[in-house]
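Keep in mind that the numbers below use all heavy atoms, side chains included, and drop hydrogens, waters and symmetry copies.
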Amino acid sequence: MKDLHIHIERGPYTVEWIERFIDKAVRMELEEICLLEHSIRFKDFHPAFREASEYNLYQKKWFSAKARSAQSLDAFKRLADEIRSREYPIKVSFGLEICYFEQHKDFIRDLTSDGFFDYLLGSVHWVDNWTFNQRKYQWLGKNIDYIYKRYFELENSLVESGIFDIIAHPDLITCHNLYPSYDLANTYRELCENVKVHNMCLEMNTSKGLGINKQFFEIAESVGVDFSTGSDAHRVEDVGRKIKEAAALISHS
């Protein structure tokens, strides 16, 4: 019963704000939570977004809006230190959900090499600096087969980078219910075998459903990968959402 994917971005860096998440987790009978932020929330990571911010006008505006409210990584670390100095009835961990840009993997590794965080979650939100998950209309005129191919190449690159503990929402590419013309079984198997070799966890993200799709899950199960569970909560109210059901699915596999 762990929720290892909880965003705290809608409130201040205070003990009082964090304890709202902890109280909800206790009520949900969780044994561990991981509180984190998207890497875009920190000025330290902004150089990794340079090409993406220049890709088109939409992404430029998106980045500019995020940059205006960005924090420093040290501010987040100070908050984590304060919470870690206190006693709570559940384990409270801290992490980052990092947008993976293959061309900036060394930069990302350097920023996170101090071992401060309990969990580093890697996410592919961008395919060759293009955001695929924010608006469905952005797919108009795109080659879906090619996008899927590149997406999973980047997922495998993320795994092989050796930076991350968890690959977050590994089938995010399906978010708009657009699919390639080919069967994804071999693609899923290659990724799962890679995850297992690199001792990572494949996330069962419960923001929609109980995690990865049935075909993906059955292949992951057959390969013997380790799973993590995360609600992807962006509000206190969503902490622990469907974690019990996802944990049960994993334990019965």
**Item:** Heavy-atom closest pair, residues Phe152 and Pro170
**Value:** CE2-O, 4.0 Å
**Request:** Assess whether side-chain contact (heavy atoms from CB on, under 4.5 Å) is satisfied between Phe76 and Ile8, documenting all intermediate values.
**Result:** CA-CA 10 Å; Phe76 187 44; Ile8 63 169; 3.6 Å; yes
**Asked** Taking everything shown except Lys77 itself, do over 12 heavy atoms lie less than 6.0 Å from its NZ?
**Response** yes
**Request:** List the atom of Cys99, the atom of Ser39, and the distance in Å for their closest heavy-atom pair.
**Result:** N-OG, 3.1 Å
**Request:** Run the salt-bridge test on Glu102 and Lys105 with the 4.0 Å N-O cut-off and return the result as yes or no.
**Result:** no
**Request:** Using the six-membered ring wherever Trp is involved, compare the ring planes of Phe132 and Trp130 and label them parallel, tilted or perpendicular (cut-offs 30° and 60°).
**Result:** tilted
**Prompt:** Looking only at heavy atoms, which two atoms of Trp17 and Pro12 are closest? And how far apart?
**Reply:** CD1-O, 3.2 Å
**Asked** Are the ring centres of Phe107 and Phe101 closer than 6.0 Å?
**Response** no
**Prompt:** Considering residues, nucleotides and ligands other than Arg150, do more than 12 of their heavy atoms fall under 6.0 Å from its CZ?
**Reply:** yes
**Request:** Establish, from distance only, whether the side-chain atoms of Gln138 and His176 form a donor-acceptor pair under 3.5 Å.
**Result:** no
**Asked** Does the side chain of Ser231 pick up a donor-acceptor pair with the side chain of Asp238 at under 3.5 Å?
**Response** no
**Request:** Please list all pairs passing the side-chain hydrogen bond (donor to acceptor under 3.5 Å, both in side chains) test where one or both residues lie in residues 186-205, with sequence neighbours left out.
**Result:** His5-Glu203, Asn156-Asn194, Glu160-Asn194, Tyr188-Asn213, Asn194-His198, Glu203-Asn205, Asn205-Ser207, Asn205-Asp232
**Passing candidate, side chain to side chain contact (heavy atoms under 4.5 Å, CB included) with Glu155, options Val124, Ile173, Asp171** = Val124
**Asked** Would Ile22 and Arg86 satisfy side-chain contact (heavy atoms from CB on, under 4.5 Å), going step by step from the backbone distance to the final call?
**Response** CA-CA 12 Å; Ile22 296 170; Arg86 297 167 180 251; over 6 Å; no
**Message:** I'd like to know whether His104 forms a ring-ring contact (aromatic ring centres under 6.0 Å, His included) with Phe49, so could you lay out the CA-CA distance, the side-chain angles of the two residues, the decisive distance to 0.1 Å, and finally the verdict.
**Reply:** CA-CA 9 Å; His104 295 298; Phe49 289 84; 8.9 Å; no
**Message:** With side-chain contact (heavy atoms from CB on, under 4.5 Å) as the criterion, how do Lys2 and Ser228 come out once you've worked through the C-alpha distance, each side chain's angles and the decisive distance to 0.1 Å?
**Reply:** CA-CA 8 Å; Lys2 300 181 179 183; Ser228 69; over 6 Å; no
**Message:** With rounding to the nearest 0.5 angstrom, report the CH2 to OH distance, Trp126 to Tyr55.
**Reply:** 11.0 Å
**Request:** Before accepting this row, confirm whether a basic side-chain N of the pair Glu16/Arg20 lies closer than 4.0 Å to the acidic partner's carboxylate O.
**Result:** no
**Request:** Look at Arg78 together with Glu82 and state whether they make a salt bridge at an N to O cut-off of under 4.0 Å.
**Result:** no
**Prompt:** What residues, two or more places apart in sequence or in another chain, satisfy side-chain contact (heavy atoms from CB on, under 4.5 Å) together with Arg109?
**Reply:** Asp106, Ser161, Ile163
**Asked** Are Tyr88 and Phe21 close enough that their ring centers fall under 6.0 Å?
**Response** no
**Prompt:** Does Glu29 CD have over 12 foreign heavy atoms under 6.0 Å away?
**Reply:** no
**Asked** Do the side-chain N and O atoms of Gln134 and Tyr58 include a donor-acceptor pair separated by under 3.5 angstrom?
**Response** yes
**Asked** Can a donor-acceptor pair be found between the side chains of Gln59 and Asn129 at a distance below 3.5 Å?
**Response** no
